[in-house]
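Since the structure is predicted, the reported quantities are computational estimates derived from the model, not experimental observations. The sequence lines fix the lettering, A, B, ..., with proteins before strands; numbering per chain opens at 1.
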Amino acid sequence: MKKIIAGAAYVVGDAIDTDQIIPAEHLVYSLSDAEERRYYGRYALSGVPQGQQGLPYGDRPFTAPNAFRSEYAIVVGGSNFGCGSSREHAPFALQEAGCAAVVAESYARIFYRNAVDGGFIVPFESIERLLERVRTGDLLEIDTSLGKLSNRTTGEEFLLKPLGDVADILKAGNVFEFARQAGFMPA
Amino acid sequence: MTITEKILARRAGRDRVAPGDNIWVDVDILMTHDVCGPPTIDIFRREFGADAAPWDKEKLVIIPDHYIFTKNHHANRNVELLRAFAAEHDLPYYYDPGTPNYKGVCHMALAEEGFNLPGSLLIGTDSHTCTSGAFGMFSTGVGNTDAALIMGTGKIWLKVPETMRFVFEGSLPPYLMAKDLILQVIGDIGTDGGTYRALEFDGEAVYDLPVHERMTLTNMAIEAGGKNGIIPPDEKTFEYVRERTDRAFEPVYGDPGARCHSVRRYRVEEIEPLVAKPHSPDNRATVSEVAGTRLDRAYVGSCTGGKLEDFVAAANILRGQEVAIDTYIVPATTWIGEQLHSTRVEGDTLYEIFERSGCKLGQASCAACLGGPSDTFGRTHGSEVVISTTNRNFPGRMGSKQASVYLASPYTVAASALSGRITDPREALV
Ligand code: SF4
């Protein structure tokens, strides 16, 4: 986990479920093939309905049409981010698009777990609701060791909840490294 | 300790655990399917070596079910990858599409094949893995990474959840089904009301339900964010299991008065037939509140609404009448598909009843429950308004982002199929 995660914000609403993060029809691509996996970046967050894509504007796709990488590095969401299916393709798609962190009020547990155990993105929980305080395109900076989010565009600062137990897995890199350190897997 | 805590303690090799504890547990069964199996295998090979073998062949169950009847070549390739992996390791529990061994929807197949054992711990790469909890076991869904770690080691870390109890008292009126009960719960607590928690169901109305109907309750625990759903086992559970397997099991029960997060009690006579309106399973309304809403399509299928009991319920209403809108019938498993030809309602087989009333019958699989490739049976492509016995109605879930999906019991779906408008099943069940 990097000490500083910085980049442009992409703002979405509450209950962004895994079908919005990566629509089921795209789950057929290989996650390991270098050529095919890029499509997860292309279709990341493509299931978010028109009018809600990149708040407050509503018409800004996360990944530009025909691109494979997003220009946004930090997704800001409301409550119950990642609800729905268990598909690990969801945090993977965000990572593949170039996203490094999500800041949401709360998460569905499987998404949270997948994000951490696979080492795809860092899922931060915000203390206050940020949807109305951050606009898509604002420049954000997260200090992961201090647990602080700065909005460079507005000059506002927000505290994030501590990562707790999962910080050990995030520091190890993923659950395999963590399991090796715990002695459940041969090094 | 609650039943969930006791099972976790047992599989962690400890005397006690408490909510919030992070523990490593031994997994009894790992289940995966065609969407998450191939990437799980990729990660497993990356971490454990290209020739590594699964930790225990007897405990790995692979059930392709999601994208089966499609021409999409990526989807077909996923099934081929599973087939090759099963052959390479000589896996005894791989259910190959296109052969008599093919089963259909994984959660139902796990039950039918006797993998759901009271007191055991099952992990699957599918969020509805919580379904198996209807057998008094711990079950939950995980992603590919966690599954790959289990495939190599048989272990997973879990945070012990707090338990929310839901007690259903009274006897179920003839127009209600398990689906109405769970929509009541999800409407009450919301799609994140059970996040990180165990949802435990009991009460006489739950024990009156056949085992398959109980699975509808635990299936949708995830729709409230729950980690697992669980129903303490009874004689019906044991009978169901013994008819299907001779594997040994040891049931577990919670201590009376075990500490819980909360207890909610319901009198089932007071519950109304319910729907979840678009676009969230907690967007509850009574059927009477939305009665008359115009529909384009009805759908009876999936792990939660494509069981034999669901088709018997639908047939009771459809028998001798014609549907007014496109109505899709998709059995969860091939066994259920066979039962459509042998189970009768007043002399006619379910299959005959559905055919005569103008339904479209599909093959056992997940089908349009989650949209899927564009040639998937029953998938939405436009702004259809659908009433469905499935478990999710998020935007785009059944294919098209513009479609609107109402979730309801098979009674309500069938009654609505006849009129083309949302209809109270009590009107059709006289
Ligand atoms: S039927 Fe639907 S909910 Fe059930 S496993 Fe298949 S896709 Fe998931």
Exercise. Which region of A/Q50, side chain (C-beta onward) or backbone (N, CA, C, O), has a non-hydrogen atom less than 4.5 Å from a non-hydrogen atom of chain B, or is it both or neither?
Worked result: neither

Exercise. Heavy-atom distance under 4.5 Å to chain A: side chain of B/A148, backbone, both or neither?
Worked result: both

Problem set entry | Contact winner vs chain A - B/R379, B/K401, B/H128, B/K159, heavy-atom pairs under 4.5 Å | B/K401

Exercise. So how far is it from B/T376 OG1 to A/E25 CD, rounded to the nearest 0.5 Å?
Worked result: 9.0 Å

Exercise. Of the backbone (N, CA, C, O) and the side chain (C-beta and beyond), which part of B/Y196 lies under 4.5 Å from a heavy atom of chain A, both, or neither?
Worked result: both

For this session: Begin with the C-alpha distance, continue with both residues' side-chain angles, and end with the deciding distance and a verdict on side-chain contact (heavy atoms from CB on, under 4.5 Å) for B/C36 and A/H89.
Result: CA-CA 9 Å; B/C36 294; A/H89 311 69; 4.0 Å; yes

Exercise. Would A/N114 and B/D146 count as a side-chain contact (heavy atoms from CB on, under 4.5 Å) if you check the C-alpha gap in whole Å, the side-chain angles of each, and the deciding distance to 0.1 Å?
Worked result: CA-CA 8 Å; A/N114 287 343; B/D146 285 315; 4.2 Å; yes

Problem set entry | Donor-acceptor pair, side chain of A/Q20 and main chain of B/P395, under 3.5 angstrom | no

Problem set entry | Under 4.5 Å from a heavy atom of chain A, the part of B/K155 involved | side chain

Exercise. With chain A, which of B/H279, B/E223, B/R392, B/H66 has the greatest number of heavy-atom pairs at distances under 4.5 Å?
Worked result: B/R392

Problem set entry | A/F178 versus chain B, the contacting section by heavy-atom distance below 4.5 Å | side chain

Exercise. Is the number of heavy atoms from other residues, nucleotides or ligands within 6.0 Å of NZ (B/K71) greater than 12?
Worked result: no

Seminar exercise, completed: Closest heavy-atom pair, A/V28 versus B/R77, reported as atoms and distance to 0.1 Å, is O-NH2, 3.5 Å

Seminar exercise, completed: Taken to the nearest 0.5 Å, the spacing of B/T140 OG1 from A/R113 CZ works out to 8.0 Å

Exercise. What do the steps show when you test A/I169 against B/W157 for side-chain contact (heavy atoms from CB on, under 4.5 Å), and what is the final call?
Worked result: CA-CA 11 Å; A/I169 302 174; B/W157 70 268; 3.5 Å; yes

For this session: Name the region of B/N144, side chain, backbone, both or neither, that has any atom closer than 4.5 Å to a heavy atom of chain A.
Result: both

Exercise. Please walk me through it: do A/L27 and B/Y67 pass side-chain contact (heavy atoms from CB on, under 4.5 Å)?
Worked result: CA-CA 10 Å; A/L27 302 179; B/Y67 303 155; 4.0 Å; yes

Seminar exercise, completed: Of the listed A/M185, A/R87, A/H26, the one with the largest count of heavy-atom pairs under 4.5 Å with chain B is A/M185

Exercise. Counting distance only, does the side-chain N/O of B/R397 pair as donor-acceptor with the main-chain N or O of A/D19 below 3.5 Å?
Worked result: no

Exercise. Considering all heavy atoms of both residues, which atom of B/I222 and which atom of A/G84 are nearest to each other, and what is their separation?
Worked result: CG1-O, 4.1 Å

Exercise. Among residues 45-56 of chain B, which residues come closer than 4.5 Å to chain A, judged by heavy atom distances?
Worked result: B/R46, B/E47, B/F48

For this session: Side-chain contact test, heavy atoms from C-beta onward, threshold under 4.5 Å: evaluate it for A/C83 versus B/F394 and give yes or no.
Result: yes

Problem set entry | Contacts of residues 54-79 of chain A with chain B (heavy atom under 4.5 Å) | A/S79

Seminar exercise, completed: dist B/T153:OG1 -> A/F176:CZ (nearest 0.5 Å) comes out at 8.5 Å

Problem set entry | Contact origin within B/P38 toward chain A - heavy atom pairs under 4.5 Å | neither

For this session: Tell me, for B/I41 versus chain A, whether the close heavy atoms (under 4.5 Å) come from the side chain, the backbone, both or neither.
Result: neither

Exercise. Using non-hydrogen atoms and a limit below 4.5 Å, what part of residues 98-112 of chain A faces chain B?
Worked result: A/S106, A/Y107, A/R109, A/I110, A/Y112

Exercise. Mind checking which of residues 116-142 of chain A sit less than 4.5 Å from chain B, heavy atom to heavy atom?
Worked result: A/D117, A/G118, A/F120

